[in-house]
Amino acid sequence: MNLLEVQNLKVHFPVKHGLFSPDWSGEFVKAVDDVSFTIAPGDTLGLVGESGCGKTTLGRAIVRLVEPTAGKILFEGEDLTAMNGGQLRARRRKFQMIFQDPFGSLNPRMTIEDVIGEALDIHELADGKPARRARINELLGAVGLDAACAQRYPHEFSGGQRQRIGIARALAVEPKLIVCDEPVSALDVSVQAQIINLLQDLQQQHGLAYLFIAHDLAVVEHISRRVMVMYLGKIVELAEAKEVIRAPKHPYTQALISAIPEMDPDTKRKRIVLPGDVPSPIHPPTGCPFHPRCPIAEARCKIETPPLRELNPGHWTACHLAG
Ligand code: SF4
């Protein structure tokens with residue numbers, strides 16, 4: 001059975017008339033628009049796309065930090081979208097999220113012991129103070145931090161260390177799925193590698209599944225078995241990570257891959273520079289949402305929306321011309 005099954009998920013935000021007006025303009029931002037995918041236990045699905053493509057909203061909807069407009073989120077076969085507050089709370093520890101800016105998600109007035117201990121307390125996972133402290137020390141050790149860190153405050157740590165603390169807090173409740181929202185984007189390259197290696201080690205030890213969100217395909221490819229590419233709230237390509245890098249089918253994915261620096265200077269990849277920016281998700285283009293920027297668009301691309309088709313086993317693409 002899949003750990004997570006997302007079916008036709010939509011997250012549409014109503015647009016107000018102006019910054020200070022409470023009135024709805026009658027329009028929506030279609031941040032996530034009819035997205036379906038699965039994640040197996042212990043697996044990693046990478047999610048890439050430019051900023052504003054809806055990937056963070058999708059991640060937040062899965063852990064129920066934002067309310068979906070339509071669709072289902074099945075976690076271990078149970079529909080999270082149909083649950084009331086109490087039912088959801090009982091399951092919440094099984095899916096956690098780590099953020100790009102761990103500093104923003106760590107209360108500056110709490111010691112690290114309290115930050116991690118809070119998660120244990122909410123879910124009643126430590127029986128008494130000695131057990132709580134022992135568990136916190138164990139979690140700090142698991143993410144490569146010294147037990148002495150427990151009495152310090154978030155501002156005393158580097159970005160990489162703060163991300164380790166965020167991971168320890170997520171790990172405290174023994175989740176089965178962690179949504180990793182750009183967890184290394186703000187870190188130096190050398191620190192990025194350390195955090196990715198840590199996430200991979202923890203996955204092996206605890207059988208964790210990840211939805212790993214990033215704008216950098218090179219990072220996502222390294223950690224993911226499969227990769228999903230999003231554009232304007234929709235999935236445009238989904239396949240094994242190696243397949244996406246070796247033989248991308250969608251012109252948008254091809255452009256993203258052309259921007260990855262080559263490891264081998266002899267194999268020169270031609271950079272595909274896309275014109276313009278991602279259009280507004282309030283007024284997405286008709287037909288294929290990528291058509292205003294697509295280098296091979298045809299007349300029908302402006303009219304007909306391409307469905308997500310399985311071109312090869314496990315390789316899905318939403319493009320009329322992909323074959
Ligand atoms: Fe380009 Fe048309 Fe394919 Fe869209 S459907 S990606 S516009 S070729």
Side-chain angles (χ1 to χ4, degrees), residues 6-12 27-38 45-59 69-71 211 213-221 224 226-260 262 268-323:
V6 174
Q7 297 177 351
N8 307 104
L9 192 72
K10 294 182 183 180
V11 184
H12 295 179
E27 296 181 310
F28 289 95
V29 173
K30 295 180 178 176
V32 177
D33 202 19
D34 204 9
V35 164
S36 301
F37 63 90
T38 59
L45 175 65
L47 172 57
V48 286
E50 286 163 286
S51 94
C53 73
K55 50 192 195 307
T56 290
T57 304
L58 175 57
T69 310
L211 175 65
I213 302 171
H215 58 265
D216 185 341
L217 237 175
V219 170
V220 168
E221 183 222 356
S224 309
R226 288 181 308 148
V227 168
M228 182 161 81
V229 182
M230 256 182 112
Y231 187 80
L232 269 183
K234 291 183 179 296
I235 297 173
V236 297
E237 187 145 9
L238 170 60
E240 296 264 334
K242 286 193 193 78
E243 182 80 358
V244 169
I245 299 293
R246 190 185 61 79
K249 302 287 186 189
H250 196 282
Y252 178 58
T253 316
Q254 290 165 356
L256 291 181
I257 287 168
S258 78
I260 301 175
E262 289 285 354
K268 292 247 182 302
R269 216 184 255 147
K270 193 165 174 285
R271 177 87 193 260
I272 303 167
V273 180
L274 296 175
D277 296 320
V278 181
S280 162
I282 303 174
H283 302 116
T286 55
C288 174
F290 187 58
H291 85 252
R293 305 174 76 195
C294 181
I296 58 166
E298 294 183 344
R300 70 164 163 158
C301 301
K302 295 181 183 172
I303 304 161
E304 296 171 28
T305 305
L308 194 63
R309 293 180 292 135
E310 190 171 22
L311 299 180
N312 304 316
H315 194 152
W316 298 77
T317 307
C319 172
H320 293 307
L321 305 188

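Whatever order the structure lists them in is the order used to number ligands and atoms, beginning at 1.
- With rounding to the nearest 0.5 angstrom, the CE atom of Met228 is 10.0 Å from the CG atom of Leu308.
- Residues Lys10 and Val32 are not in side-chain contact: their nearest non-hydrogen atoms beyond the backbone lie 4.5 Å or more apart.
- Nearest non-hydrogen protein atom to atom 5 (S) of ligand 1 is His320 N, 3.3 Å.
- No side-chain heavy atom of Lys249 sits under 4.5 Å from any side-chain heavy atom of Trp316.
- Proximity of a side-chain donor or acceptor of Glu221 to a complementary backbone N or O of Ala241 within less than 3.5 Å is not detected.
- Closest to atom 1 (Fe) of ligand 1, if we only count protein heavy atoms, is Cys294 SG, 2.3 Å.
- Residue contact check: Pro251 has heavy atoms under 4.0 Å from atoms 6 (S) of ligand 1.
- Contact annotation: His291 places no N, O or S atom under 2.8 Å from atom 2 (Fe) of ligand 1.
- In Cys319, the parts holding a heavy atom less than 4.0 Å from any atom of ligand 1 are both the side chain and the backbone.
- Annotation for ligand 1: atoms under 4.0 Å from non-hydrogen atoms of Ala297 are 7 (S).
- Counting only distance, with no hydrogens or angles, the side chain of Arg226 and the backbone of Gly314 share no donor-acceptor pair below 3.5 Å.
- Those atoms of ligand 1 with a heavy atom of Leu321 less than 4.0 angstrom away are 8 (S).
- Of all protein heavy atoms, the one lying nearest to atom 4 (Fe) of ligand 1 is Cys288 SG, 2.3 Å.
- Under the 4.0 angstrom criterion for non-hydrogen atoms, His250 is in contact with ligand 1.
- You'll find the side chain of Pro279 stays beyond 4.5 Å of the side chain of Pro289, heavy atoms only.
- Of the listed options Cys301, Pro295, Ala299, Cys301 places a heavy atom closest to atom 7 (S) of ligand 1.
- Checking His291 against Glu298 by side-chain atom types alone, no donor-acceptor pair falls below 3.5 Å.
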